[in-house]
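The next block holds one structure in the form of C-alpha coordinates; read it before the comments.
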Amino acid sequence: MRLSSIINSPNFKNNNFDFIRFIASFFVILSHSFPLSYGNNQNEPLRLLTGNVTLGSVGVYIFFIISGFLITISFVRSKNLLIYFINRILRIYPAVILVVLLTVFVFGPILTQYSISEYFSNTQTYKYLFTATVFDVRYNLPGVYKNNPFSSTLNGSLWTLRFELVMYIAVAIFGLIGILKGRIITIFVILSTIVAALIKYYTSSINGILFFLQSFLGI
(Lines give C-alpha, C1' and ligand atoms only; values in the text may rest on other atoms or scores of the structure.)
Protein backbone atom coordinates (compact mmCIF):
# COMPACT_ATOMS: atom_id res chain seq x y z
CA MET A 1 0.00 0.00 0.00
CA ARG A 2 1.31 3.48 -0.88
CA LEU A 3 2.18 5.85 1.97
CA SER A 4 -0.23 8.48 0.63
CA SER A 5 -3.08 5.93 0.74
CA ILE A 6 -2.29 5.15 4.38
CA ILE A 7 -2.17 8.84 5.34
CA ASN A 8 -5.48 9.60 3.66
CA SER A 9 -7.24 6.57 5.09
CA PRO A 10 -10.16 7.51 7.38
CA ASN A 11 -8.86 4.97 9.90
CA PHE A 12 -5.31 6.35 9.94
CA LYS A 13 -5.58 7.89 13.42
CA ASN A 14 -7.15 4.71 14.78
CA ASN A 15 -3.81 3.05 15.57
CA ASN A 16 -2.00 1.55 18.54
CA PHE A 17 1.22 3.56 18.36
CA ASP A 18 0.81 4.88 21.91
CA PHE A 19 0.35 1.35 23.26
CA ILE A 20 3.38 0.13 21.29
CA ARG A 21 5.40 3.05 22.68
CA PHE A 22 4.28 2.07 26.18
CA ILE A 23 5.56 -1.47 25.65
CA ALA A 24 8.84 -0.17 24.21
CA SER A 25 9.23 2.18 27.20
CA PHE A 26 8.67 -0.73 29.57
CA PHE A 27 11.38 -2.71 27.75
CA VAL A 28 13.85 0.19 28.09
CA ILE A 29 13.07 0.83 31.77
CA LEU A 30 13.34 -2.86 32.64
CA SER A 31 16.58 -3.24 30.70
CA HIS A 32 18.15 -0.14 32.28
CA SER A 33 17.21 -1.28 35.78
CA PHE A 34 19.86 -4.01 35.66
CA PRO A 35 22.97 -1.82 35.12
CA LEU A 36 21.52 0.81 37.46
CA SER A 37 21.05 -1.80 40.18
CA TYR A 38 23.97 -4.18 39.56
CA GLY A 39 26.43 -2.22 37.42
CA ASN A 40 25.90 -4.37 34.31
CA ASN A 41 23.13 -5.98 32.26
CA GLN A 42 24.51 -9.52 32.17
CA ASN A 43 21.40 -10.88 33.91
CA GLU A 44 18.91 -8.94 31.79
CA PRO A 45 16.21 -11.46 30.69
CA LEU A 46 16.55 -11.16 26.91
CA ARG A 47 20.34 -11.03 27.10
CA LEU A 48 20.32 -14.28 29.06
CA LEU A 49 18.28 -15.87 26.26
CA THR A 50 20.19 -14.42 23.31
CA GLY A 51 23.65 -13.75 24.69
CA ASN A 52 23.75 -10.27 23.15
CA VAL A 53 20.38 -8.61 22.39
CA THR A 54 18.70 -6.71 25.24
CA LEU A 55 15.14 -5.58 25.81
CA GLY A 56 16.49 -2.03 25.84
CA SER A 57 17.87 -2.32 22.31
CA VAL A 58 14.58 -3.85 21.11
CA GLY A 59 12.69 -0.95 22.69
CA VAL A 60 14.95 1.62 21.04
CA TYR A 61 14.49 0.05 17.61
CA ILE A 62 10.71 0.00 18.11
CA PHE A 63 10.82 3.73 18.86
CA PHE A 64 12.85 4.40 15.73
CA ILE A 65 10.54 2.32 13.53
CA ILE A 66 7.50 4.27 14.78
CA SER A 67 9.38 7.57 14.44
CA GLY A 68 10.36 6.69 10.88
CA PHE A 69 6.72 6.16 9.96
CA LEU A 70 5.44 9.32 11.66
CA ILE A 71 8.32 11.59 10.59
CA THR A 72 7.98 10.49 6.97
CA ILE A 73 4.27 11.35 7.17
CA SER A 74 5.26 14.73 8.62
CA PHE A 75 7.57 15.30 5.65
CA VAL A 76 4.85 14.35 3.16
CA ARG A 77 2.30 16.63 4.83
CA SER A 78 4.63 19.63 5.25
CA LYS A 79 4.04 22.41 2.73
CA ASN A 80 7.76 23.01 2.36
CA LEU A 81 11.14 21.98 3.77
CA LEU A 82 11.34 24.93 6.16
CA ILE A 83 8.07 24.00 7.88
CA TYR A 84 9.24 20.38 8.14
CA PHE A 85 12.49 21.36 9.89
CA ILE A 86 10.79 23.90 12.16
CA ASN A 87 8.42 21.15 13.31
CA ARG A 88 11.31 18.77 13.87
CA ILE A 89 13.35 21.33 15.84
CA LEU A 90 10.33 22.16 18.00
CA ARG A 91 9.81 18.46 18.66
CA ILE A 92 13.31 17.94 20.11
CA TYR A 93 14.95 21.11 21.39
CA PRO A 94 12.42 22.76 23.76
CA ALA A 95 12.02 19.55 25.76
CA VAL A 96 15.76 18.78 25.77
CA ILE A 97 16.69 22.31 26.84
CA LEU A 98 14.13 22.18 29.68
CA VAL A 99 15.38 18.77 30.87
CA VAL A 100 19.02 19.90 30.80
CA LEU A 101 18.28 23.12 32.72
CA LEU A 102 16.25 21.24 35.35
CA THR A 103 18.99 18.62 35.65
CA VAL A 104 21.80 21.17 36.13
CA PHE A 105 20.07 23.78 38.25
CA VAL A 106 17.43 21.79 40.20
CA PHE A 107 18.12 18.05 40.42
CA GLY A 108 21.92 18.35 40.42
CA PRO A 109 22.11 20.60 43.50
CA ILE A 110 19.59 18.39 45.31
CA LEU A 111 21.34 15.08 44.53
CA THR A 112 25.01 16.05 44.68
CA GLN A 113 27.22 14.91 47.54
CA TYR A 114 29.19 18.14 47.22
CA SER A 115 28.33 21.43 48.84
CA ILE A 116 26.34 23.88 46.72
CA SER A 117 29.38 26.12 46.29
CA GLU A 118 31.57 23.17 45.22
CA TYR A 119 28.91 21.99 42.80
CA PHE A 120 28.46 25.36 41.08
CA SER A 121 32.19 26.16 41.03
CA ASN A 122 32.97 22.93 39.17
CA THR A 123 33.37 23.37 35.40
CA GLN A 124 31.79 19.95 34.83
CA THR A 125 28.47 21.42 35.97
CA TYR A 126 28.41 23.89 33.09
CA LYS A 127 29.84 21.48 30.52
CA TYR A 128 26.69 19.42 31.05
CA LEU A 129 24.77 22.27 29.39
CA PHE A 130 26.30 21.20 26.05
CA THR A 131 23.93 18.23 26.25
CA ALA A 132 21.22 20.59 25.01
CA THR A 133 22.89 20.55 21.57
CA VAL A 134 22.10 16.76 21.43
CA PHE A 135 25.40 16.26 19.57
CA ASP A 136 27.58 16.64 22.67
CA VAL A 137 25.68 14.69 25.31
CA ARG A 138 27.25 14.64 28.79
CA TYR A 139 26.34 12.11 31.46
CA ASN A 140 28.05 13.34 34.61
CA LEU A 141 27.50 16.08 37.15
CA PRO A 142 29.83 16.72 40.13
CA GLY A 143 29.05 14.47 43.07
CA VAL A 144 25.80 13.10 41.62
CA TYR A 145 25.17 9.34 41.86
CA LYS A 146 28.84 8.71 42.72
CA ASN A 147 28.02 5.66 44.84
CA ASN A 148 25.54 4.04 42.47
CA PRO A 149 26.47 0.67 40.92
CA PHE A 150 26.46 2.39 37.52
CA SER A 151 28.46 5.30 38.85
CA SER A 152 27.93 8.99 38.09
CA THR A 153 25.67 8.54 35.07
CA LEU A 154 22.59 10.70 34.54
CA ASN A 155 19.92 10.29 31.88
CA GLY A 156 21.77 7.78 29.74
CA SER A 157 18.85 7.53 27.32
CA LEU A 158 19.76 10.91 25.77
CA TRP A 159 22.38 9.23 23.56
CA THR A 160 19.73 8.41 20.94
CA LEU A 161 18.80 12.05 20.29
CA ARG A 162 21.65 12.80 17.89
CA PHE A 163 20.67 9.75 15.84
CA GLU A 164 17.06 10.92 15.84
CA LEU A 165 18.11 14.32 14.51
CA VAL A 166 20.29 12.73 11.83
CA MET A 167 17.30 10.60 10.79
CA TYR A 168 15.16 13.75 10.42
CA ILE A 169 17.74 15.14 7.99
CA ALA A 170 17.98 11.80 6.17
CA VAL A 171 14.20 11.64 5.63
CA ALA A 172 14.26 15.15 4.14
CA ILE A 173 17.13 14.27 1.78
CA PHE A 174 15.59 10.95 0.72
CA GLY A 175 12.20 12.60 0.24
CA LEU A 176 13.69 15.27 -2.01
CA ILE A 177 15.56 12.77 -4.22
CA GLY A 178 12.71 10.23 -4.34
CA ILE A 179 14.19 7.39 -2.28
CA LEU A 180 11.09 7.18 -0.08
CA LYS A 181 9.21 5.38 -2.85
CA GLY A 182 8.40 1.71 -2.17
CA ARG A 183 10.79 -0.33 -4.33
CA ILE A 184 13.71 2.07 -4.00
CA ILE A 185 13.50 2.14 -0.23
CA THR A 186 13.41 -1.67 -0.07
CA ILE A 187 16.59 -1.90 -2.14
CA PHE A 188 18.22 0.77 0.03
CA VAL A 189 17.41 -1.06 3.27
CA ILE A 190 18.86 -4.31 1.90
CA LEU A 191 22.05 -2.60 0.71
CA SER A 192 22.49 -0.65 3.95
CA THR A 193 22.09 -3.89 5.93
CA ILE A 194 24.89 -5.47 3.93
CA VAL A 195 27.12 -2.41 4.34
CA ALA A 196 26.41 -2.24 8.08
CA ALA A 197 27.37 -5.90 8.47
CA LEU A 198 30.61 -5.37 6.51
CA ILE A 199 31.76 -2.36 8.55
CA LYS A 200 30.48 -3.59 11.91
CA TYR A 201 33.91 -4.10 13.39
CA TYR A 202 35.49 -1.00 11.87
CA THR A 203 33.35 2.10 12.32
CA SER A 204 30.87 1.78 15.16
CA SER A 205 29.30 5.25 14.80
CA ILE A 206 28.59 4.80 11.08
CA ASN A 207 27.36 1.30 11.80
CA GLY A 208 24.96 2.70 14.41
CA ILE A 209 23.63 5.29 11.99
CA LEU A 210 23.02 2.64 9.34
CA PHE A 211 21.12 0.35 11.69
CA PHE A 212 18.98 3.22 12.96
CA LEU A 213 18.40 4.28 9.35
CA GLN A 214 17.13 0.80 8.53
CA SER A 215 14.65 1.06 11.40
CA PHE A 216 13.62 4.56 10.38
CA LEU A 217 13.08 3.47 6.78
CA GLY A 218 11.14 0.35 7.70
CA ILE A 219 7.93 2.20 6.94
Side-chain angles (χ1 to χ4, degrees), residues 2-4 6-7 12 15 17-18 20-25 27-28 31-32 53-97 99-100 130-139 155-200 202-219:
R2 291 181 178 273
L3 183 60
S4 57
I6 298 174
I7 295 173
F12 173 71
N15 57 62
F17 282 154
D18 287 340
I20 296 171
R21 283 189 179 121
F22 173 79
I23 297 298
S25 300
F27 284 173
V28 171
S31 183
H32 285 183
V53 180
T54 65
L55 287 169
S57 61
V58 172
V60 168
Y61 281 117
I62 290 173
F63 279 123
F64 270 81
I65 291 169
I66 293 174
S67 290
F69 187 82
L70 296 177
I71 299 308
T72 302
I73 290 173
S74 174
F75 175 82
V76 172
R77 285 179 168 175
S78 296
K79 293 182 179 179
N80 55 59
L81 204 57
L82 178 61
I83 292 176
Y84 167 78
F85 277 115
I86 289 174
N87 289 336
R88 302 285 55 79
I89 289 170
L90 291 176
R91 182 172 181 82
I92 284 187
Y93 279 103
V96 173
I97 291 171
V99 167
V100 169
F130 286 107
T131 299
T133 67
V134 312
F135 285 106
D136 188 13
V137 175
R138 309 296 176 100
Y139 300 104
N155 214 344
S157 59
L158 293 178
W159 69 272
T160 61
L161 289 178
R162 66 181 182 274
F163 290 104
E164 183 88 5
L165 193 57
V166 170
M167 296 303 104
Y168 292 169
I169 297 171
V171 166
I173 293 172
F174 293 159
L176 289 174
I177 63 180
I179 287 183
L180 293 180
K181 296 178 181 179
R183 292 182 179 178
I184 299 177
I185 200 172
T186 301
I187 294 171
F188 180 84
V189 169
I190 293 172
L191 290 176
S192 64
T193 303
I194 295 171
V195 172
L198 290 175
I199 69 172
K200 181 177 181 179
Y202 299 98
T203 316
S204 59
S205 59
I206 295 177
N207 187 61
I209 289 174
L210 284 173
F211 274 107
F212 281 126
L213 192 57
Q214 292 159 30
S215 300
F216 227 70
L217 296 179
I219 51 178

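Source: prediction; values computed, not measured. Reckoned from all heavy atoms, side chains included, excluding hydrogens, waters and symmetry mates. One-based numbering along the sequence shown.
Listed by chain and residue number, Asp136 satisfy the salt bridge (Lys or Arg N to Asp or Glu O under 4.0 Å) test with Arg138 (two or more places apart in sequence, or in another chain). Arg91 meets the salt bridge (Lys or Arg N to Asp or Glu O under 4.0 Å) test with no other residue; sequence neighbours excluded. Annotation: side chain to side chain donor-acceptor pair (under 3.5 Å) contacts of Asn87 (sequence neighbours excluded): none. Under the rule for a side chain to side chain donor-acceptor pair (under 3.5 Å), Thr131 has no partner lying at least two apart in sequence or in another chain. Remark: Thr133 pairs with no residue by the side chain to side chain donor-acceptor pair (under 3.5 Å) rule, at least two apart or across chains. Looking at residues two or more places apart in sequence or on another chain, you find no side chain to side chain donor-acceptor pair (under 3.5 Å) involving Ser25.
A donor atom on one side chain and an acceptor atom on the other are found under 3.5 Å apart for Ser157 and Asn155.
A donor-acceptor pair under 3.5 Å is formed between the side chain of Thr54 and the backbone N or O of Ser57. Side chain of Ser67 to backbone of Phe63: a donor-acceptor contact under 3.5 angstrom is found. The main-chain N or O of Phe27 is never found under 3.5 Å from a side-chain atom of Ser31 such that the two would form a donor-acceptor pair. Checked by atom type and distance alone, the side chain of Tyr84 pairs as donor or acceptor with a backbone atom of Tyr168 at under 3.5 Å.
Considering CD1 of Ile20 and CD1 of Ile65, their distance stands at 9.5 Å, rounded to 0.5 Å. Within the model, atoms CG of Leu161 and CD1 of Ile92 stand 6.0 Å from one another, a figure rounded to the nearest 0.5 Å. How far CZ of Phe85 is from CD1 of Ile89: 8.0 Å, rounded to the nearest 0.5 Å. For the atom pair CZ (Arg21) and CD1 (Ile62), the distance works out to 12.0 Å, reported to the nearest 0.5 Å. Between Asp18 atom CG and Ile23 atom CD1 the span is 12.0 Å, to the nearest 0.5 Å.
Residue Thr160 comes nearest to Phe64 through the heavy atom pair O-CZ, 3.9 Å, listed as atom of the first residue, atom of the second, then distance. Contact between Gly59 and Ala24 at its shortest, heavy atoms only, is O-CB, 3.7 Å. Taking both residues in full, the closest heavy atoms of Ala132 and Val100 are given as N-CG2, 3.9 Å, listed atom of the first, atom of the second, then distance.
Counting heavy atoms from C-beta outward, Val137 and Trp159 have side chains that stay 4.5 Å or more apart. The side-chain heavy atoms of Ile71 and Met167, taken from C-beta on, include no pair separated by under 4.5 Å.
A cation-pi arrangement, defined by a distance under 6.0 Å to the six-membered ring centre and an angle within 45 degrees of its axis, is absent between Arg162 and Phe135. At least one test fails for Arg77 against the ring of Phe75: distance under 6.0 Å to the centre or angle within 45° of the axis.
Heavy-atom neighbours of Tyr139 OH from other residues, nucleotides or ligands within 6.0 Å: above the threshold of 12.
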Should Leu165 and Tyr93 be marked as a side-chain contact (heavy atoms from CB on, under 4.5 Å) after you check the CA-CA gap, both sets of side-chain angles, and the distance that decides it? CA-CA 10 Å; Leu165 193 57; Tyr93 279 103; 3.4 Å; yes
